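Here is the structure we will look at, set down as structure tokens.
Side chains included, hydrogens not; waters and symmetry mates left out as well; all remaining heavy atoms used. Everything numeric here is computed off the predicted structure, so don't read it as measured data.
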Amino acid sequence: MNRILATALLAASLHGPALAAVGAPAPLPVPPPAPVTPEVRTLASGLRVAVVRDTRQPIVQIQLRLPAGTAAEPERHPGVATLTGQLVRMGTSSRSAEQYERELGRHGITLGVTVGRDAAIVAMGMERGALASGFELLADAVRNPVFAPEPFEVSRRVMAQQLGQQLQSPAVLADERAAEAFYSPHPYSRPALGSLDALLQMDPESVRGFHRERWRPDRALLAIAGDVTADEAFRLAEEWFGGWAGRASADRPAPAPAAPQVRVVDVPSAPYSEVRVGVVTPGRGDGRWPSWQLAHATLEGGGLPAGARASLTGHRDAGLLLLAAPARHDSVAAVAARLRAALAGLADPARSGPALAATRRRVAQALPLQLESMGSRLTQWMLDDLSGLGSDGPERLQRALLAADLAPLADALRRPAPVLVVAPAVRVRAALAALGPVEEQALQRTLTSAPADTLPAPDAEQVRLGREAIAAAVAAHGGERALRAVRTLVTEGEIELLAGGQPISGTFTAVRAFPDRFAYVTKLVGLEVRQVLVGDSAWTLTVGDTARLEAVSPEGVETLRTSLVSDPVSLLLAALAPEARPALRDRESMDGEPAVAVDFRSPRGPVRLMLDARTHRLLAADGVFRGERWLERRRFRQPVRQAGLLLPGLEERIAEGQVVSRIRLRRAATQVALDPGLFRRPRVIGGQLLDP
Amino acid sequence: MRDPDLPALELLTRVLGATASAKLPSALVRDWNLALAVQSGLDVRREGSLFWTFIALRDGADTTTVERIVRETMAGVARDGVSAEALDAVRRPMLTSERFALQGVRARAQAITAAEVLLGDATLAGRRLEALERVTPADLQRVAQRVLGGAPHAVVLLDPAPVAGGMNR
């Protein structure tokens, strides 16, 4: 090796003067990427099978692409695509998770599942001799997963922990929320891990439902590359996937992205800010995609402010060129402006010189290296196929890169790009206003957010009957004097979260100290979550393997205030208020018993109470009035008398017609002396709770 | 590194402690519940290599017992050998992984460079996988007897408790 090096150096020194005399050497030719020319057949089930022969190594790579990316998730289950991808290998109808892993190991087979926005891809690698076993194991995971409760809980907990870690890193949080903000309302805006709320509302049946809907053969693509003949690969595909039946559900509507101008994700405890500036690009199949790749390479090659980075991701319908930089809180607006300027600078016609030509060559030359493994070539080919490109995608892309220019992007680059900032909103909102209208977003996501409609004005008779009905209900629940005497109310018991079947069980404690303090503590799947409201501020403490303390956003504070007065005592007292104007509009039945519906105005929006027409007992409380419909209901059942009050022994929370949670009351107490420490903000340092 | 038994020693390391289901983790974590994690590895050098096993003990675990189980497990491999199936269970994933890695130009260049610089023969890079394929259960047992029985060894205990002097042995 040293001999070779010495010879090369000697040759260089001998030829140096001659080279200098003739000028710089001509650029080396750009090597083309290895072609991918698969043989493609379609099975009777609709599954397309593609085979690429490659005998460089005695190995085979199989990839199965399914229309099961995050963009295909049902609205109420964000995160279910990722969860499904994790769980397919964790138990099938004939193998436990351990047996499945053991079989993979025995044959030396690697298996990975990647869930992206457009698709889920299951990738398997094996030696040539393990091919038949590989097909059988792949088919078992894809076709026969059982989604048993135990692995479901394990996976869900892992995802919850990943979400927690995400919340603790402003940079990771900013990347995730930027994609959400900039793609919104397109389904690409859905977060890969979903949200803690959504995870807690899912159960194995949610995953089974998604698998049933989207892990189907008719829009799937099975690609095999490696040391295998096309005949053998097609035979094995037919053997293991020929009987796979069903059709994937239709895609959801995909409205075009329309990002807000400036969004702040409010993280009051963030030690520094993270700034993201982005441009939503056309999809990978668009003719301008190579120009966007050139724009990205130009930025990365010296076109960014110090400390900034750029990334480009492409999908079928759209892509995202994202510029990122950390910033001090007082420099956020300046950093965002510099990132915008870097983007706009790409549109400068002066860019089309030798430097841009060199960038073109650099990007084009890198392509063959990026596509040298079978796995990367198969993935590229599958993504090209998804974007409607032909099998000559890599060669065509390379030619397009060598001819690409930034001029076609000028209009898009000159428009002020949307900005997302992760920071304490109070520290940055005034400065950011100079960049455009500022929208603030809470750290914790909630599933419903649109404001409630107003109720139609009642007539005098409806109000008279409404007031009579409320007075009777107040009497039935202990009388006005008893209700007004309640200064503290502590309830505790069991809570079940449901979403279509399997409940997630835990415990809850609700402590109400009227008029403005509220603590709600749940213990579910190994996580204790304490939400505490004190006047105008609130925080959430999550205690699992580590502890995490987060300030609650203004929207979250409003939600907690609504929860503070959602108990029967508060609801009835609110209906008694003079400005409430309760109106009896309907007489109907609930569970076969006659009932009256009385709605009224509360400080937290319209509320409707369903009252038993005979006993005057409170049967249900409806909230979130939209489009002349009540979207949320608390159903009060099994009344019990505790602490001198009539309280529901069972409360069901129903959202858009579905029971989403049940709480069973075990104990209630009023007028108790509360531990002042309950409403004192705890200290968490390095994931450790210092004030339990 | 030039020792002809090196491929067998690499596979022996995997049999003993490269995965959670290997012999040492199975004994100490699963069967005896004395350890939280166990891992073995081989630090390959030109003049002499180091076979190591790292054990994270459970609180209160008796170190003498742990040492005894480690020795017995290793002695069991040296005495009884391993089945062809057990050997393949560690060899197949290793070969698959290496073959996939060697698709890349950079990985092939590194393998060739290492063979040339450390062994003086670039062509050995291409023969490594063949050598792993040729290892038999008998080879593994012989290497276990040679390395695990008589080779010099050391035990290091790191006690994180605030003991004066830090390491207590």
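- Between the CD atom in A:E101 and the OG1 atom in B:T19 there is a gap of 11.5 Å [rounded to 0.5 Å].
- Evaluation of the salt bridge (Lys or Arg N to Asp or Glu O under 4.0 Å) test over residues 77-86 of chain B, restricted to residues two or more places apart or in two chains, returns none.
- Residues of residues 92-104 of chain B having a heavy atom under 4.5 Å from any heavy atom of chain A, listed by number: B:R92, B:P93, B:L95, B:T96, B:R99, B:F100, B:L102, B:Q103, B:G104.
- Only the side chain of A:Q57 comes within less than 4.5 Å of a heavy atom in chain B; its backbone stays farther off.
- Within a 6.0 Å sphere centred on CD of B:E72, heavy atoms belonging to other residues, nucleotides or ligands number more than 12.
- Contact tally against chain B (heavy-atom pairs below 4.5 Å) for A:R106, A:M374, A:H107: the top residue is A:M374.
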